[in-house]
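Whatever order the structure lists them in is the order used to number ligands and atoms, beginning at 1.
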Amino acid sequence: MRHLSIPLLTDKPVPAIGVGAMPLSDNRPDGTVIPRDQAVAVLHGAFALGMTLVDTADIYAPDGYGYGHNELAVGEAVRTWRDGRDSIVVVTKIGITRAVRNDVDVWGRDGSREHLLRAAEASVERLGFVPDAILLHRVNREQQPFATTVENMLAVRDAGFAPRIGIGNVHLDECHVAWEVSGGTIAAVENERSPRYREDADVLHWAGRHGVAYLAWSPLGGGDDARRLGDLYPEFRAVAQELSATAGHDVTAQEVALAWLSASGSGVVPIPGFTRGQTAYSSARAARLELTADQIARLDLSPAGPGSVFPDDED
Ligand SMILES: NC(=O)c1ccc[n+]([C@@H]2O[C@H](COP(=O)([O-])OP(=O)(O)OC[C@H]3O[C@@H](n4cnc5c(N)ncnc54)[C@H](OP(=O)(O)O)[C@@H]3O)[C@@H](O)[C@H]2O)c1
């Protein structure tokens, strides 16, 4: 695995490709969720392949009753990992609320100090250790000025729930505010970026200029679109075919997408989600792909998709 140095996020080596743990808590088409031991095995497989950064969140769960489901799995996987907890960069997220009322999953956002402190404490308890960073998952733009939300995240850090904080699903003006309010200590931005969705180039460049990690979520476009990536974005398949001729194995359009994201900035870490060893292996292999400047330019210019996987007005 190729590694990056991102001191604002961690002193540990940061893998070029990380793991998004969310699908390990999603309902599968048959209505079941992967059993905990299998989820832990998938994560251990990913760590063994060198993908030693894992992204989770308090709300990742099959339903509102299972709040914290994903953090429990990630916590167990990291605590039982053969190379020890300190070999893994763990990022979790707070600031979205999810509760069951009258048997309906109700989503919201809360950037209040009270909520963020309570949520961070619960995340640490579920993980069983202090994560490397806690990020604000989404911004409640109606609740208060963003500067206040950043101050509240700093309170989370000052209370000892994480040594670093970051922000997610943010616009460039919010990056400026967070940078100023935090005294230049924002560790990471987690925004959506993939062949399908490429609308925040300004945030990507801002992160690169400031040495802030950029965690690219749903880097393959999520779920079914991820599986059909080569059909939906033919230029990625064309580049995969070119690379297959010299790589000695079949390079996939998904691997090209991860390599292309990885090449888009010095601190960019795609965090694909997967539930199978085969897709974990393929994702790790993407870190070894070398794209030419011409291939990157062609991919940059190729048409993007239908928009966000989870639009900003949804949770
Ligand atoms: N901050 C946010 O607001 C936010 C929002 C959404 C997601 N996220 C984070 O981003 C992570 C990734 O997003 P996501 O899971 O929605 O979407 P994704 O990574 O774009 O797509 C996931 C799908 O891609 C497949 N896949 C993974 N690697 C592959 C490969 N190398 N080749 C072919 N298929 C591959 C997986 O299949 P299999 O299941 O069959 O392995 C899975 O179905 C999440 O896990 C979560 O941590 C953050």
Engineer: Geometry only, no angles: is Gly221 polar-contacting ligand 1 at N/O separations under 3.5 Å?
Structural biologist: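 In this structure, Gly221 places an N or O atom under 3.5 Å from an N or O of ligand 1.
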Engineer: Report whether Val78 and Val91 are members of the same hydrophobic cluster (ILVMFWY, side-chain heavy atoms less than 4.5 Å apart, transitive linking).
Structural biologist: no
Engineer: Is there a continuous path of hydrophobic side-chain contacts, each under 4.5 Å between heavy atoms, that joins Val203 to Leu136?
Structural biologist: yes
Engineer: What atoms in ligand 1 come closer than 4.0 Å to a heavy atom of Ser282?
Structural biologist: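 Once the distances to Ser282 are compared, the set is 30 (C), 31 (N), 32 (N).
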Engineer: Report whether Ile59 and Val100 are members of the same hydrophobic cluster (ILVMFWY, side-chain heavy atoms less than 4.5 Å apart, transitive linking).
Structural biologist: no
Engineer: Would you tell me whether Thr97 and Asp110 have side-chain atoms, one donor and one acceptor, within less than 3.5 Å of each other?
Structural biologist: no
Engineer: Below 4.0 Å from ligand 1: does a non-hydrogen atom of Glu255 turn up there or not?
Structural biologist: no
Engineer: Which of the listed options, Ala57, Ala284, Gly273, Gly95, holds the heavy atom that is closest to atom 25 (C) of ligand 1?
Structural biologist: Gly273
Engineer: Answer yes or no: does an N/O atom from Phe310 fall short of 3.5 Å to an N/O atom of ligand 1?
Structural biologist: no
Engineer: Run the numbers for me: atoms of ligand 1, each under 4.0 Å from some heavy atom of Gly20, listed by number.
Structural biologist: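 Those of ligand 1 that fall under 4.0 Å from Gly20 are 11 (C), 44 (C), 45 (O), 47 (O).
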Engineer: Any nitrogen or oxygen of Ser218, main chain or side chain, under 3.5 Å from a nitrogen or oxygen of ligand 1?
Structural biologist: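 Between Ser218 and ligand 1 (N or O atoms, distance only) the closest approach is under 3.5 Å.
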Engineer: In Å and rounded to the nearest 0.5 Å, what is the CZ to CD1 distance from Arg164 to Ile6?
Structural biologist: 11.0 Å
Engineer: Going by the order shown, which atoms of ligand 1 are within less than 4.0 Å of some heavy atom of Pro219?
Structural biologist: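 Those qualifying, in numeric order: 12 (C), 19 (O), 20 (O).
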Engineer: Look at the rings of Phe47 and His44 and say which category their plane angle falls in: under 30° parallel, 30 to 60° tilted, over 60° perpendicular.
Structural biologist: tilted
Engineer: Looking only at heavy atoms of Thr252, does any of them come nearer than 4.0 Å to an atom of ligand 1?
Structural biologist: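 Under 4.0 Å: no for Thr252.
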Engineer: Exactly one of Arg193, His171, His205 should register a side-chain hydrogen bond (donor to acceptor under 3.5 Å, both in side chains) with Asp200. Which one does?
Structural biologist: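 With Asp200 as partner, Arg193, His171, His205 yield a single side-chain hydrogen bond (donor to acceptor under 3.5 Å, both in side chains), made by Arg193.
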Engineer: State the atoms of ligand 1, each with its element, that fall below the 4.0 Å cut-off from a heavy-atom position in Pro23.
Structural biologist: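 So the answer, numbered in order with elements, is 15 (O), 45 (O).
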Engineer: So is Lys93 polar-close to ligand 1, meaning N/O to N/O under 3.5 Å?
Structural biologist: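 No: no nitrogen or oxygen of Lys93 is under 3.5 Å from one in ligand 1.
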Engineer: With heavy atoms of Ala226 as the reference, note each atom of ligand 1 found under 4.0 Å away.
Structural biologist: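 Heavy-atom distances to Ala226 below 4.0 Å select 21 (O), 23 (C), 24 (O).
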Engineer: Could you tell me which atoms of ligand 1, counted from 1 in the order shown, lie closer than 4.0 angstrom to a heavy atom of Ser283?
Structural biologist: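 In order of number, 28 (N), 29 (C), 30 (C), 31 (N).
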Engineer: Can you hop from Leu4 to Leu8 via hydrophobic side chains spaced under 4.5 Å?
Structural biologist: no
Engineer: Numbering the atoms of ligand 1 from 1, which are under 4.0 Å from a heavy atom of Asn169?
Structural biologist: 1 (N), 2 (C), 3 (O)
Engineer: Could you check whether the rings of Trp217 and Phe310 sit parallel, tilted or perpendicular, using 30° and 60° as the cut-offs?
Structural biologist: tilted
Engineer: Determine whether any heavy atom of Tyr281 lies closer than 4.0 Å to an atom of ligand 1.
Structural biologist: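 Under 4.0 Å: no for Tyr281.
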Engineer: At less than 4.0 angstrom from any non-hydrogen atom of Gly222, what atoms of ligand 1 do you find?
Structural biologist: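 Per the distance check, 17 (O), 18 (P), 20 (O), 21 (O).
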Engineer: Taking distance alone, with no angle check, do Thr275 and ligand 1 share an N/O pair under 3.5 Å?
Structural biologist: yes
